[in-house]
Asks: 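I have a structure I would like to understand better, so I am pasting it below and will then ask my questions one at a time.
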Amino acid sequence: MATITLQGTLQLRAENVGSKSEGRYAIFLTDEGNEYTLYRAGNMPMGDPYFDPYDGTSVTVTGEEEERYFRVEEIKLCDHSKK
């Protein structure tokens, strides 16, 4: 798979409530309206504290798209001061 960079908003959400996979997930909403669950290689997609500082922020993520999931290699805050 090819490495790509997407821009959007990261939100931490409680997902799968009431199931064994219940937890807090990093959900990425692209500027184009697509939604992905973020994860890092070697980590479960739920409860990864790596994403905590980015909750509710506009970011770019670089990595590989895998249907509803996106394996993050790098994440950066968007600099909205540059137009």
Side-chain angles (χ1 to χ4, degrees):
M1 295 192 151
T3 299
I4 61 172
T5 298
L6 300 173
Q7 183 171 317
T9 303
L10 192 151
Q11 299 175 348
L12 296 177
R13 284 196 234 158
E15 296 282 326
N16 306 315
V17 177
S19 73
K20 287 176 21 177
S21 59
E22 178 178 339
R24 211 167 127 134
Y25 290 79
I27 306 299
F28 183 68
L29 306 167
T30 69
D31 290 347
E32 290 78 29
N34 298 319
E35 183 174 307
Y36 298 96
T37 299
L38 302 181
Y39 75 99
R40 295 183 301 146
N43 292 286
M44 296 293 294
M46 74 174 155
D48 187 346
Y50 173 78
F51 297 109
D52 290 354
Y54 302 103
D55 185 25
T57 63
S58 181
V59 296
T60 59
V61 292
T62 301
E64 293 184 3
E65 178 184 17
E66 301 167 354
E67 293 188 31
R68 296 183 331 111
Y69 292 89
F70 193 90
R71 184 172 53 84
V72 175
E73 295 172 6
E74 181 179 48
I75 187 168
K76 291 182 180 179
L77 290 171
C78 288
D79 183 359
H80 292 290
S81 64
K82 296 179 181 176
K83 299 264 179 193

Asks: Taking the side chain as everything from C-beta on, heavy atoms only, tell me whether Tyr50 gets closer than 4.5 Å to Asn43.
Replies: no
Asks: Heavy atoms only: give me the nearest Leu12-Asp55 pair and the separation to one decimal.
Replies: N-OD1, 2.9 Å
Asks: Kindly give the heavy-atom pair with the smallest separation between Pro53 and Pro49, and that separation in Å.
Replies: CD-O, 3.7 Å
Asks: Of all heavy-atom pairs between Thr62 and Phe70, which one has the smallest distance, and what is that distance?
Replies: C-CE2, 3.8 Å
Asks: Distance from Leu6 atom CG to Thr30 atom OG1, nearest 0.5 Å?
Replies: 6.5 Å
Asks: Hey, could you give me the CG/CZ distance between Leu38 and Arg71, rounded to the nearest 0.5 Å?
Replies: 12.5 Å
Asks: What's the spacing between Glu64 CD and Ile4 CD1 if we round to 0.5 Å?
Replies: 9.0 Å
Asks: If you take all heavy atoms of Met46 and Gly23, which pair is closest and at what distance?
Replies: SD-CA, 4.0 Å
Asks: Write down the atom of Asn34, the atom of Tyr36, and the distance for their closest heavy-atom approach.
Replies: CB-CE1, 3.9 Å
Asks: Measure the CZ-CZ distance between Arg24 and Phe51 for me, rounded to the nearest 0.5 Å.
Replies: 12.5 Å
Asks: What's the shortest heavy-atom distance between Asp31 and Gly8, and which atoms?
Replies: OD1-CA, 3.4 Å
Asks: Going through the checks in order, is the side-chain contact (heavy atoms from CB on, under 4.5 Å) test met by Thr37 and Ile27?
Replies: CA-CA 5 Å; Thr37 299; Ile27 306 299; 3.7 Å; yes
Asks: Please round to the nearest 0.5 Å and tell me the distance separating atom OG1 of Thr57 and atom CD of Gln11.
Replies: 10.0 Å
Asks: Starting from Tyr54, can I reach Val61 by hopping between I/L/V/M/F/W/Y residues whose side chains sit under 4.5 Å apart?
Replies: yes
